[in-house]
There are 2 protein chains.
Amino acid sequence: MSISAAETPVKQIQAVARELAQSTGFLLARLGFAFKAQAIANAEDAGFEVYDYSVLAILGEGARATQSTIAQALSLDPSRLVALLDSLEQRELIARQRDPLDRRRHVVSITAAGDRELRRLRGMVQALEEDFFAPLGADERAVLHELLTRLAARHDPSCCPLSEPD
Amino acid sequence: MSISAAETPVKQIQAVARELAQSTGFLLARLGFAFKAQAIANAEDAGFEVYDYSVLAILGEGARATQSTIAQALSLDPSRLVALLDSLEQRELIARQRDPLDRRRHVVSITAAGDRELRRLRGMVQALEEDFFAPLGADERAVLHELLTRLAARHDPSCCPLSEPD
DNA sequence: TATTGTTATACTCTATAACTATA
DNA sequence: TATAGTTATAGAGTATAACAATA
């Protein structure tokens, strides 16, 4: 009998996969990644990149902000934001204008077209959500959401504000 | 009254965060990322990198495999695997030897020390799992696992073999 | 000629550091 | 001198292509 290496690779892989599938954390990581990947793919099919949504969502709430504010809100380096805004501005989804009070500042605002696109993106996310969690019933989805919210409160407090103003 | 940009950045951010926290998919992505990040941090603290675990786990099941087999199993480019194995070999956690039957092949096998480290890594993952899901009760964890498994069967079948041999 | 493992090259992405204009 | 936005530089990480040895 030989050393014969590539003996049963498939079984090895299956065994490891089975082991990992036992881990709730691993499932969480894989599914989270799958959801994100799908969201990115959908957005790119529609001609957007990931951060476009973030920028538009921030502006959608408050209508205008300086670049440094946006960068801070998205934990993004100001230099990275430039290209993002260039692209959005070129498509006329946002507008930049100098702040007359401090001509160093650019005041960024969302346009009517930008608002439309934001709504479209929100619809896309909602549709994805609907599709992704379709294997679960409404009540099961509610349970899942509640459990995840409790975990997020511990592990990712920044994303889940505990205080619910007004 | 002025254009005054940076008016209420905090409220904007909170509003967006609140919107995102409504999305189960977003929570899934954030928590999955948090779990992975924590696992990576723990592994690196112990002197490992992420793929070390994967390689050792594969070898732990079947004891030996060729490099191309491992690369295939991990969906890794063979050229990337080289550095990983170099590192593991240097620490004497795996061993490479030429296959006498086909001298192009390297037969990779796990050492006794490698097996010990693998067990240690498994323990670390288990401890992280325990800690990460501590906010939930045992029954709630079981429910979460079941729901995630159902979702994975749809969205990530490769990671969750439906057939349960023996 | 094809394949295994390896090394070298090129490319992308991002973080850092300079730079311009305003204050 | 300090700050907002921009541009240029450099570094890490990775994918692709070339390579040497075997078959």
Side-chain angles (χ1 to χ4, degrees), chain A residues 2-7 9 12 33 36-37 40-41 43-44 48-52 54-55 58-59 62 64-90 94-110, chain B residues 2-7 9 12 33 36-37 40-41 43-44 48-55 58-59 62 64-90 93-110:
Chain A
S2 76
I3 285 190
S4 171
E7 216 170 61
Q12 289 179 37
F33 187 82
K36 188 181 175 187
I40 291 174
E44 286 184 346
F48 289 95
E49 47 181 312
V50 205
Y51 276 106
D52 287 348
S54 317
V55 173
I58 288 275
L59 292 174
R64 48 175 45 126
T66 66
Q67 295 191 192
S68 62
T69 301
I70 297 171
Q72 202 182 331
L74 301 180
S75 305
L76 217 59
D77 195 278
S79 64
R80 266 193 79 187
L81 189 60
V82 175
L84 274 174
L85 292 183
D86 286 347
S87 161
L88 287 167
E89 190 178 34
Q90 206 160 14
I94 61 117
R96 273 192 272 222
Q97 57 180 145
R98 291 261 170 215
D99 185 341
L101 292 171
D102 183 343
R103 291 180 42 72
R104 291 172 304 182
R105 285 195 166 92
H106 275 163
V107 177
V108 184
S109 54
I110 193 168
Chain B
S2 77
I3 285 190
S4 171
E7 217 169 62
Q12 290 179 37
F33 187 81
K36 188 181 175 187
I40 290 173
E44 287 183 346
F48 289 94
E49 47 181 312
V50 206
Y51 276 107
D52 287 348
Y53 177 82
S54 317
V55 173
I58 289 275
L59 292 174
R64 48 174 45 127
T66 66
Q67 295 191 192
S68 63
T69 301
I70 298 171
Q72 201 181 332
L74 302 179
S75 306
L76 216 60
D77 195 278
S79 64
R80 266 193 80 188
L81 189 61
V82 174
L84 273 174
L85 292 183
D86 286 348
S87 161
L88 286 167
E89 190 177 34
Q90 207 161 14
L93 304 181
I94 60 119
R96 272 193 272 221
Q97 57 180 144
R98 290 261 170 216
D99 185 341
L101 292 172
D102 183 344
R103 289 180 44 70
R104 289 172 305 183
R105 285 194 166 93
H106 274 164
V107 176
V108 185
S109 54
I110 193 168

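None of these values were measured; they are calculated from a predicted model. Order of the sequence lines sets the chain letters (A, B, ...), proteins ahead of strands, with each chain counted from 1.
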Worksheet item: How long is the line joining NE2 of His106(B) and C1' of dT6(C), in whole Å?
Response: 9 Å

Worksheet item: Could you give the CG-to-P distance, from Leu101(A) to dA21(C), as a whole number of Å?
Response: 22 Å

Discussion item. Regarding Ser68(A), tell me which of base, sugar-phosphate or nothing describes its non-hydrogen contacts under 4.0 Å with the strands shown.
Written reply: sugar-phosphate

Discussion item. Looking at Arg104(A) and dT3(D), is any side-chain donor or acceptor paired with a base atom of the opposite kind under 3.5 Å?
Written reply: yes

Worksheet item: Looking at dG5(D), dT22(D), dT16(C), which one has an atom nearest to any side-chain atom of Thr66(A)?
Response: dG5(D)

Item to complete: State, to 0.1 Å, how close Val108(B) and Leu59(B) come at their nearest heavy-atom pair, and which atoms those are.
Response: O-CD2, 3.6 Å

Discussion item. Does dT6(D) have its OP1 or OP2 closer than 4.0 Å to a side-chain nitrogen or oxygen of Arg96(A)?
Written reply: yes

Worksheet item: Has the side chain of Arg98(A) got a donor or acceptor atom that lies under 3.5 Å from a matching backbone atom of Arg103(A)?
Response: yes

Item to complete: Name the nucleic acid region contacted by Asp102(A), choosing base, sugar-phosphate or nothing; use a 4.0 angstrom heavy-atom cut-off, strictly under.
Response: sugar-phosphate

Worksheet item: Closest nucleotide of DNA chain C for Gln67(B) versus for Ser79(A): which of these residues is on the 5' side?
Response: Gln67(B)

Worksheet, complete the sentence: When rounded to whole Å, the CD to P distance for the pair Gln72(B) and dG5(C) reads 11 Å

Worksheet entry | Atom pair distance, as rounded to whole Å: CD in Glu89(B) and P in dG5(C) | 13 Å

Worksheet entry | Atom-to-atom span, CZ of Arg105(A) to C1' of dA21(C) - whole angstrom | 14 Å

Worksheet item: Which is it for Leu84(B) and Ile70(B) under the side chain to side chain contact (heavy atoms under 4.5 Å, CB included) test, yes or no, and what are the steps along the way?
Response: CA-CA 11 Å; Leu84(B) 273 174; Ile70(B) 298 171; over 6 Å; no

Worksheet entry | Whole-Å gap separating C1' (dT14(C)) and CG (Leu74(A)) | 16 Å

Worksheet item: To the nearest angstrom, how far is Gln97(A) atom CD from dA4(D) atom P?
Response: 18 Å

Worksheet item: Leu74(B) versus Ile58(B): any side-chain heavy-atom pair under 4.5 Å?
Response: yes

Worksheet item: Nearest-Å distance, CG (Leu81(A)) to P (dA4(D))?
Response: 13 Å

Worksheet item: Could you give the distance from NE2 (His106(B)) to CG (Leu81(B)), rounded to the nearest 0.5 Å?
Response: 12.0 Å

